[in-house]
Amino acid sequence: MGCFECCIKCLGGVPYASLVATILCFSGVALFCGCGHVALTGTVTILEQHFSSNASDHALLTEVIQLMQYVIYGIASFFFLYGIILLAEGFYTTSAVKEMHSEFKTTACGRCISGMFVFLTYILGVAWLGVFGFSAVPVFMFYNMWSTCEVLKALSVNMTTSPDQICVDVRQYGIIPWNALPGKACGMALENICNTNEFYMSYHLFIVACAGAGATVIALIHFLMILSANWAYLKDASKMQVYHDIKTKEEQELQDIQSRSKEQLNSYT
């Protein structure tokens, strides 16, 4: 076999669908974890500087955000390993299907592992749907603040309403208690918040994190389709193996019967 034929054979064994899904999954998880971590830190800074002057009022929220950041570390590590395992399973399944007529044999354990990955990927896909919906909540909150600031900028031109009458009260979202002071920002104070780097970065990073969660959901759906197809291929391959084994055994028995018949005929003559 020449070098070109060897390269073609190696490229033919690459599970391209699993490779694309793995890259998409890694990209989505990286965007969600990296951008979400930085955006959460910026959110705490905004609350401490502009909406809650007393540290005890947002102490619980700070602890929750720190816990979420630790969870982000765990999510990144888990999906790095899980993506590699699914990619390896794709290589295994591709080899098992394409070489089912050779010495490489699929086993019941291999098919059971493939089925387990299908179930686990389905559970993770449902969980990431919830993460995707949850990640849209801070985007909604920051969008409300941004749109209110745009209204304030329009008022500076039209002068139809006093800017101090337009406020954003973060206490209505339940992230800080109602007795937190000042709890809200109005007029120029709100516009100054929207002009800070923390607000600008956190808003856009939450959008990117939400998009990363959506990309992860798409990747897991892609993985689910791949794993389901691979499991069906392995099941068909195992049936073909049983068929070929039975056929080989019957042919061997037929040859043995013919050879014994010839020996008996020769001995008789």
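Everything numeric in this text was worked out from a predicted model, so none of it was measured.
Atom CD1 of residue I193 and atom CD of residue Q49 lie 9.5 Å apart, to the nearest 0.5 angstrom. How far CG of L129 is from CD1 of I221: 6.5 Å, rounded to the nearest 0.5 Å. Rounded to the nearest 0.5 angstrom, Y200 OH and N195 CG are separated by 12.0 Å. For the atom pair H222 NE2 and C25 SG, the distance stands at 12.0 Å (nearest 0.5 Å). If you take SG on C194 and CD1 on I46, they are separated by 9.0 Å, rounding to the nearest 0.5 Å. Within the model, atoms CE of M188 and CG of L190 stand 10.0 Å from one another, a figure rounded to the nearest 0.5 Å.
A continuous path of Ile, Leu, Val, Met, Phe, Trp and Tyr side chains, each step under 4.5 Å between heavy atoms, connects I175 with W146, placing both in one hydrophobic cluster. Side-chain heavy atoms closer than 4.5 Å link hydrophobic residues (I, L, V, M, F, W, Y) into clusters, and following such links, even through other members, never connects M201 to M68. V71 and V38 are not part of a single hydrophobic cluster, where members link through side-chain heavy atoms under 4.5 Å apart. F223 and F80 sit in two unconnected hydrophobic clusters of ILVMFWY residues. Membership requires side-chain heavy atoms under 4.5 Å apart, directly or through other members. M145 and Y143 end up in the same hydrophobic cluster when Ile, Leu, Val, Met, Phe, Trp and Tyr side chains are linked at under 4.5 Å.
By the 6.0 Å contact criterion, CZ on F78 is enclosed, its count of non-hydrogen atoms from other residues, nucleotides or ligands being greater than 12. Residue N179 places its CG atom among more than 12 non-hydrogen atoms of other residues, nucleotides or ligands, all under 6.0 Å distant.
Here the side chain of T121 pairs no donor or acceptor atom with the backbone of V118 at under 3.5 angstrom.
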### Task
Go through the steps for L227 and E89 under the test side chain to side chain contact (heavy atoms under 4.5 Å, CB included), then give the verdict.
CA-CA 9 Å; L227 292 170; E89 199 273 343; 3.2 Å; yes
#### Entry: Stepwise side chain to side chain contact (heavy atoms under 4.5 Å, CB included) test for I85 and F117
CA-CA 10 Å; I85 291 173; F117 280 134; 3.2 Å; yes
### Task
Show your reasoning for whether ring pair (Phe, Tyr, Trp, His ring centres under 6.0 Å) applies to H37 and Y73.
CA-CA 9 Å; H37 186 279; Y73 298 145; 5.3 Å; yes
### Task
Start with the C-alpha distance between N144 and V168, add both sets of side-chain angles, then the distance that settles side chain to side chain contact (heavy atoms under 4.5 Å, CB included), and finish with yes or no.
CA-CA 8 Å; N144 283 342; V168 169; over 6 Å; no
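Looking at every heavy atom in both residues, F32 comes nearest to S135 through CE1-CB, 4.1 Å. Scanning all heavy atoms of the two residues, the minimum distance from F26 to G83 falls at CE2-CA, 3.9 Å. Pairing each heavy atom of W128 with each of V217, the nearest pair is O-CG2, 3.5 Å. The two residues C33 and I72 make their nearest non-hydrogen contact at CB-CG2, 3.3 Å. When all heavy atoms are compared, the tightest approach of P182 to S53 is CD-N, 4.3 Å. The heavy-atom pair separating G28 from T216 by the smallest distance is C-OG1, 3.2 Å.
Proximity of Y173 to V137: side-chain heavy atoms (C-beta onward) are nowhere separated by under 4.5 Å. With a 4.5 Å cut-off on side-chain heavy atoms, I207 and F142 do not count as touching. In this structure, the side chains of L87 and F91 come closer than 4.5 Å at one or more pairs of heavy atoms. By the 4.5 Å heavy-atom criterion applied to side chains, C35 and F206 are not counted as neighbours. Counting only heavy atoms from C-beta outward, the side chains of F79 and L220 approach each other to under 4.5 Å.
Just one residue in the list Q69, E198, Q66 forms a side chain to side chain donor-acceptor pair (under 3.5 Å) with T41, and that residue is Q69.
Every residue meeting the side-chain contact (heavy atoms from CB on, under 4.5 Å) condition with L24, not counting sequence neighbours, appears here in chain and number order: A215, I218, A219. By the side-chain contact (heavy atoms from CB on, under 4.5 Å) test, L120 is found to be paired with Y82, L124, residues two or more places apart in sequence or in another chain being considered.
The list of salt bridge (charged side-chain N to carboxylate O under 4.0 Å, His left out) pairs with a residue in residues 169-178, not counting sequence neighbours, reads D169-R171.
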